[in-house]
Amino acid sequence: MSAARNEQAQDPVLQVRDLAIALPAGGERAHAVNGVSFEVKRGEILCLVGESGSGKSVIAQAVMGLLPRQLPVAAGGITLAGEDITHAPRSRLRELRATRMAMVFQEPMTALNPVMRCGAQIDEVLVEHTRLDAAARKRRILDILNEVKLPDPERIYAAYPHQLSGGQRQRIVIAMALVLEPALLIADEPTTALDVTTQAQILALIADLQARHGTGVLFITHDFGVVAEIAHRVAVLRLGEMVELGTRDAVLKQPQHAYTKMLIGSVPDLHAHGRPLDAGAPVVLSARGLSKTYVDRGWLSGRREVRAASDVSFDIRRGQTLGIVGESGSGKSTVARCIVRLIDPSGGAVLLAGQDIASMPARRLRPLRRQVQIVFQDPYRSLNPRRTVREAIIEGPLNYGVPRAEADERARKLMELVRMDPGALERYPHQFSGGQRQRICIARALAMEPALLIADEAVSALDVSVQAQVLALLEEIRERLSLAMLFITHDLRVAAQVCDHIAVMSQGRVVEYGPAAQVFGAPQHEYTRALFAAAPGRGFAFGGRA
Amino acid sequence: MYAFIARRLLATLPVLLIVAVLVFLMLRLTPGDPAAILAGDAANPEQIAQIRESLGLNESIVAQFGIWAGHLLTGDLGESFYFKMKVVELIGQRLEPTLALATLTILIAVLVAVPLGVIAAWRFGGWFDRCLMGFSVLGFSIPVFVLAYVLIWLVSLKLGWLPVQGYQRLEGGFWPFLRHLILPAITLSVIYIALIARVTRASVLEALGEDYIRTARAKGLPEWKVLVKHALANAAVPVATVIGIGIALLIGGVVVTESVYAIPGLGRLTVDAVLARDFPTIQGVILLFSFVYVFVNLLVDLSYVFFDPRIRY
C-alpha cells in the first residue's frame with residue numbers, strides 16, 4: 001500500500017536540511033540537534049526514534065515553530081510543502097498551524113484544556129482558520145468526531161475532557177489536528193501514555209486516517225514495537241545526530257550503525273525466557289483472597305464502592321519472580337501496596353513467614369516490614385532530594401538497630417552490587433541519571449536484607465537500553481541473593497523476560513495465573529489473548545531474530 | 001449543590017453565635033464606661049448612675065447577654081446608646097456609602113490587577129513583570145492613610161480635579177456620587193491591586209507551563225486567545241479565592257479610608273461607636289461583618305463550580 005503511494009509522491013510534505021538547533025551556553029553539548037536531514041513524503045509515515053535527550057521532540061517543535069526562545073535554529077532549513085518556513089514570521093506560522101501542519105502530543109490527559117468543552121476546543125481551530133458559520137462548523141466537528149470513531153459525537157461534543165478516558169481524549173486531540181486536513185501530521189509519542197490495547201487502537205486509527213487522506217506523518221517514539229507497527233521509514237537519532245535512516249525493515253532487521261544495533265538488541269522478546277523452575281522452592285509470601293475496596297461516603301450522595309482488587313491469590317517462591325501484568329486501573333499496584341501494607345487490605349490474607357500480615361496491628365507488623373521492600377516507578381521522585389545516597393540507603397537499617405559502621409559497610413557493598421562507585425554515596429540524587437537513581441533505589445531496598453523485593457513498574461520510566469541494564473541487574477541480584485521478586489508491569493516484553501510466573505489482572509481480578517511459558521505460549525483467557533494481540537511489534541523479527 | 005448551599009448557610013449560625021458571645025464579652029471586659037462618656041465632663045456620679053440604670057448596664061453580664069440575644073432572635077439589634085436610635089436603622093443609613101466604596105474598590109482592583117497579572121506572566125522576567133512586582137511590594141507596604149493624603153494633595157488640592165472629601169448619596173445623581181468616591185476607591189484599591197495582580201501572575205504562569213497551552217499554540221491561535229481563553233480560564237480559581245479574601249479584608253480597610261475622606265459609612269460608624277463605648281452598635285456592626293465574611297466565602301466556593309467543571313459539590 002505504502003510502496004505504491006511513495007512512488008507517485010512528488011513534492012515531499014516536509015523537508016529538513018542540515019538542521020542545527022543551539023542549546024544555551026554551558027549545557028552538556030552545544031546543539032540540541034545538529035546536521036539532521038530527512039524528508040517526509042506525502043502519504044508516508046516516518047518514525048523518528050531515539051532515547052531521551054536525542055533531540056527528537058526538539059525537531060518536532062522546530063517544525064511547528066514552537067521552540068522556546070532559548071533554543072534558536074542555528075543552521076539548516078525546514079521546508080513545508082515547498083514553502084521555506086525556517087525563519088517564517090510568527091503570523092505566517094500561526095496561519096500554517098492546523099491548516100498545513102498539525103500536532104498530536106504525548107499526554108492526552110493534559111493536552112486538552114480542562115475547563116473547556118471538547119467541541120469548543122475543536123471549534124477554536126475552525127473559528128481561527130475558516131469562515132464557516134456556526135452551524136457548518138458544528139457539522140464539520142461532528143463529522144470529524146465520527147471519523148476518529150468516537151461513539152455518540154453529540155455527547156462528546158458537549159463533554160469536558162475529564163469526563164472522557166485517555167484513549168477518547170487522544171482521539172479528540174487527533175480530531176483537532178486533522179479537522180482541516182493538514183498535509184503534515186506530527187505525532188510526538190502519541191501512544192506512550194496509553195494502555196497497550198488503547199495504543200493498538202490509536203495506532204490503527206492514525207494509520208487509517210493517514211492512508212485515507214494521504215497525510216505525511218512524522219511519528220516520534222522511543223518504542224521499537226510501535227515503530228514496527230506503523231513506520232514506512234525510520235530515522236534513528238542519538239544525542240542530536242542522525243545515525244541511521246532507512247526503510248522500516250532495513251533498519252529494524254539489518255541495522256547498520258552500532259547504536260541502532262544496541263537499541264534493537266535491547267528490545268526484550270515476547271517469548272517467555274524458559275528458565276527451569278524449582279517447584280519445591282519454599283513459598284516466601286502468599287496472598288489468599290486478597291481484596292481492597294474503596295468506599296466513598298458522600299454527605300447526601302450515599303455510598304459508592306470501588307473494588308480496586310478482589311479475590312487475588314498467588315504464591316511467590318524463593319529465588320523466583322512473579323509478574324503481575326495488567327493495564328492501568330487493573331489493580332496491580334493496589335495489590336503491591338496491600339502486600340507492603342502501605343494501604344490496608346479490606347479482606348483476605350497475606351501470609352509472610354507463616355503469619356497473616358493483612359490485618360496485623362502496626363506494632364507487630366514493624367519487625368516484619370523489613371522483609372518486604374519495594375522499588376517504585378519514578379526514580380526522580382522516590383528519593384528525597386535533600387539527603388545523600390548514603391543517608392537514603394542506611395536510614396532503614398539504622399531504624400532496625402543496625403550499628404552505623406555496619407550499615408555504612410553494607411551501603412558500600414550494595415553500591416558495588418548495583419554497579420555504582422561507592423564514592424557516589426556522598427552525592428545527592430539530582431546528580432545521577434534516571435538509570436543510576438533506580439540502581440540507588442534498588443540498593444536502598446536491598447539494604448534491609450528483604451526476603452521479597454517488589455518492583456512496581458520499576459523500569460517503565462527508563463530508556464530501552466537503560467531498562468535492559470536494570471533488568472539484567474535485577475536478574476543477577478535475584479539469582480545471587482535467592483530473592484523472591486514480585487514484578488509489576490504493563491509491559492509484556494519486560495514481563496516475558498524476567499518472570500517465572502505470571503498473573504494477568506483486569507478490573508481488580510486475576511484472570512489468568514500460571515507459569516510464564518504457559519501463559520505466553522498458550523494464553524487461556526480472552527483478556528490475556530487480547531492483551532497479547534495488542535502488543536506492538538508482535539511477531540516482528542527485530543534485528544533478524546527468529 | 002443546593003444541599004451544599006443549605007449546609008453552608010446553616011454552618012454560619014454557630015459561627016455567628018460564637019462571634020456574638022466573644023464580642024459581647026470583650027466589650028464588657030474593656031475599660032471605659034459608656035454612661036460616663038454619655039454624661040459628659042460636667043456630670044456628677046448620680047447622673048452617671050442614672051444613665052447606667054436606664055441603659056440596663058446594672059444587670060449582670062449574663063442577664064444583659066440574655067436580653068440582647070433574645071432581641072437578636074427577633075432581628076432586633078437593640079438601641080444605640082450614643083446615637084439614640086435602633087442599631088438596625090443606623091446600619092441601614094450607613095450601609096450605602098460603604099457598599100458603594102467597597103464595590104467600586106473591588107471593581108477597580110479586579111479590572112486593573114487581572115490584566116496586569118496576565119501580561120506580567122506572559123512577559124515573565126521582562127521589564128513589565130519586574131516593574132509590576134516592584135509596584136506590588138510598594139502597594140503592600142504603603143499605609144492607606146499616607147497614600148490617601150498624597151492623593152488628596154495631588155489630585156484635589158494641586159490639580160483640583162476631584163473633591164477633597166465628603167460623600168454624595170446616589171439619589172443626588174450618579175456623577176456627583178461617583179466623583180466623591182473615585183479618590184477613596186483608588187486609595188483603597190492599591191493594596192488589592194498588588195495582591196490580586198501577584199496571585200494572577202503566579203497562577204497564569206503556572207497554567208502557561210501546562211500541556212494544553214502548547215496544544216492551543218499548535219492550533220495556530222493568536223497569543224491573546226491562548227492567554228485569556230486557555231491560561232487565564234484555568235488560573236481563575238486561585239484568583240477568585242484571593243478576590244474573595246480581598247472583599248472580606250476590605251471591611252477592615254474601609255475604617256481608615258472613611259475616616260480620612262469623611263465618608264459617613266460603616267467604617268466611620270465603627271470608629272465612632274468604639275470611641276463612645278456604644279456597645280449595641282459595635283455588636284451589631286461586627287455581627288454584620290462576620291456574616292458578610294462567611295457569605296462571601298460561600299460565594300467564592302460556589303464560583304469554583306463555574307470556573308472549573310471538574311469541581312462538584
A quick test of your reading: do over 12 heavy atoms of other residues, nucleotides or ligands sit less than 6.0 Å from OH of Tyr160(A)?
yes

Other residues, nucleotides, ligands: >12 heavy atoms within 6.0 Å of His71(B) NE2
no

Please flag which part of Glu124(A) lies under 4.5 Å from any non-hydrogen atom of chain B: side chain, backbone, both or neither.
both

Val127(A) versus chain B, the contacting section by heavy-atom distance below 4.5 Å:
side chain

Find the one option among Met64(A), Met103(A), Glu107(A), His129(A) whose heavy-atom pairs under 4.5 Å with chain B are most numerous.
His129(A)

Just so I understand: if I count every heavy-atom pair under 4.5 Å between each of Ala236(B), Ala207(B), Pro222(B) and chain A, which residue has the most?
Pro222(B)

So, Thr221(A) and Asp223(A): side-chain donor and acceptor under 3.5 Å apart, yes or no?
no

Does the pair Asp123(A)/Arg137(A) count as a salt bridge with the N-to-O cut at 4.0 Å?
yes

Could you tell me whether Arg94(A) and Glu128(A) make a salt bridge, using a distance below 4.0 angstrom between a side-chain N and a carboxylate O?
no

Between Arg90(A) and Glu223(B), does at least one N-O distance fall below 4.0 Å, as a salt bridge requires?
no

Proximity breakdown for Ala102(A) and chain B, heavy-atom pairs closer than 4.5 Å:
neither

Most contacts with chain A, counted as non-hydrogen pairs under 4.5 angstrom, among Arg217(B), Lys225(B), Arg310(B)
Arg310(B)

In terms of heavy-atom proximity below 4.5 Å to chain B, should Leu66(A) be classed as side chain, backbone, both, or neither?
side chain

Heavy-atom cut-off 4.5 Å, strictly under: side chain, backbone, both or neither for Lys229(B) against chain A?
both

Against chain B, work out which of Met116(A), Gln61(A), Arg117(A) has the most heavy-atom pairs shorter than 4.5 Å and name it.
Met116(A)

Are a donor atom and an acceptor atom from the side chains of Asp188(A) and Ser57(A) found within less than 3.5 Å of each other?
yes

